[in-house]
Amino acid sequence: MKINDAIFGAFFLLLGLVVLVHVQGFARIPGQQVGPGLFPGMIASGMVVCGVILMVLGYRRRETEPWGETAAWMRSGRHLAAFAAIVIGVAAYVLLAESVGFLIVAPILMMIWLTVLGVRRAPAAAVAIVATLLIWYAFYKLLRVPLPWGVLKGWAF
């Protein structure tokens, strides 16, 4: 999908302005010249400046570039289904991970995603299980990131 830079510029401009307004409410630190809003404010100021630049450049190119153009994959049912499966799967993980558990939700989602993306079922199942176990080991054991156990909490180790 191709979107004119002016649209992205407007988005960055608005986002930067929202952040600038929000950081004004951050509490001041007594005795300090700078507060907690300094760096977010600087980044937001940069976003405002870059947003304005993008808007000007995009507006200048409006005659040669369309405001928006869909890519070929957006007209393919298979690709749209894969995109929807990934978005819905991420939302499902957020909703189910705490109650059901990472070790159950993750391989199911990976299996669905791989199948929708065109991988045959047997390799998809193997990859989903192995990848889930590797991710669990890397995050839970090595990095000590607490992954949700859900219904498997009684077997947590």
Side-chain angles (χ1 to χ4, degrees), residues 1-119 124 127-128 131-132 134-148 150:
M1 179 170 207
K2 174 89 171 109
I3 298 175
N4 189 296
D5 287 343
I7 295 171
F8 280 118
F11 172 76
F12 285 125
L13 173 68
L14 288 174
L15 183 61
L17 290 174
V18 167
V19 172
L20 280 174
V21 169
H22 182 69
V23 299
Q24 299 305 312
F26 287 3
R28 301 276 178 198
I29 300 173
Q32 295 286 329
Q33 292 290 335
V34 297
L38 176 67
F39 291 113
M42 289 171 55
I43 293 170
S45 298
M47 288 177 70
V48 168
V49 170
C50 290
V52 169
I53 292 169
L54 280 172
M55 287 175 60
V56 169
L57 293 176
Y59 185 76
R60 285 184 182 167
R61 287 185 262 172
R62 71 187 184 282
E63 300 297 328
T64 59
E65 292 180 11
W67 287 102
E69 182 179 16
T70 59
W73 71 268
M74 294 186 77
R75 293 182 288 276
S76 164
R78 183 175 150 275
H79 290 96
L80 289 175
F83 176 77
I86 291 171
V87 171
I88 292 168
V90 170
Y93 178 83
V94 169
L95 295 172
L96 298 173
E98 280 297 321
S99 59
V100 178
F102 175 81
L103 290 173
I104 295 174
V105 175
I108 292 171
L109 286 176
M110 278 196 235
M111 173 73 179
I112 292 169
W113 290 338
L114 290 169
T115 304
V116 170
L117 291 170
V119 178
V127 167
T132 298
L134 287 173
I135 291 168
W136 176 83
Y137 181 76
F139 280 86
Y140 192 79
K141 289 293 188 181
L142 298 178
L143 298 173
R144 306 266 188 226
V145 174
L147 295 173

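Note that the numbering runs from 1 along the sequence shown for the chain.
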**Q** Could you tell me whether the side chain of Val19 reaches within less than 4.5 Å of the side chain of Ile43, counting heavy atoms only?
**A** no

**Q** Any chance you could measure Met110, atom CE, to Thr115, atom OG1, to the nearest 0.5 Å?
**A** 12.5 Å

**Q** Nearest 0.5 Å please: distance from the CG atom of Leu109 over to the CH2 atom of Trp113.
**A** 5.0 Å

**Q** Report the distance from atom CD1 of Ile108 to atom CG of Leu96, rounding to the nearest 0.5 Å.
**A** 9.0 Å

**Q** Using ring pair (Phe, Tyr, Trp, His ring centres under 6.0 Å) as the criterion, list what pairs up with Tyr140, not counting sequence neighbours.
**A** Trp136, Trp149

**Q** Roughly how far, to the nearest 0.5 Å, is CZ of Phe11 from CE of Met55?
**A** 13.5 Å

**Q** Testing the basics here: between Asn4 and Ala6, what is the closest heavy-atom pair and its distance to 0.1 Å?
**A** OD1-N, 2.8 Å

**Q** Take a 6.0 Å sphere around CZ of Arg61 and say whether it holds more than 12 heavy atoms from other residues, nucleotides or ligands.
**A** yes

**Q** Where do Gly16 and Ala44 come nearest, in terms of heavy atoms and distance?
**A** O-CB, 3.5 Å

**Q** Taking everything shown except Phe26 itself, do over 12 heavy atoms lie less than 6.0 Å from its CZ?
**A** yes

**Q** Are the side chains of Leu114 and Val127 in contact, using a 4.5 Å heavy-atom criterion?
**A** yes

**Q** Which distance, rounded to the nearest 0.5 Å, do you find between the CD1 of Ile53 and the CG of Leu13?
**A** 11.5 Å

**Q** Quick one: pull up OG1 in Thr132 and CD1 in Ile104 and give me the separation to the nearest 0.5 Å.
**A** 11.5 Å

**Q** What closest approach, in Å, do Ala82 and Leu117 show between heavy atoms, and which atom pair accounts for it?
**A** CB-CD2, 3.5 Å

**Q** Could you report the tightest heavy-atom contact between Ala97 and Pro148, atom names first, then the distance?
**A** O-CB, 3.4 Å

**Q** Taking all heavy atoms of Leu17 and all of Val48, pick out the closest pair and write down the distance.
**A** N-CG2, 3.8 Å

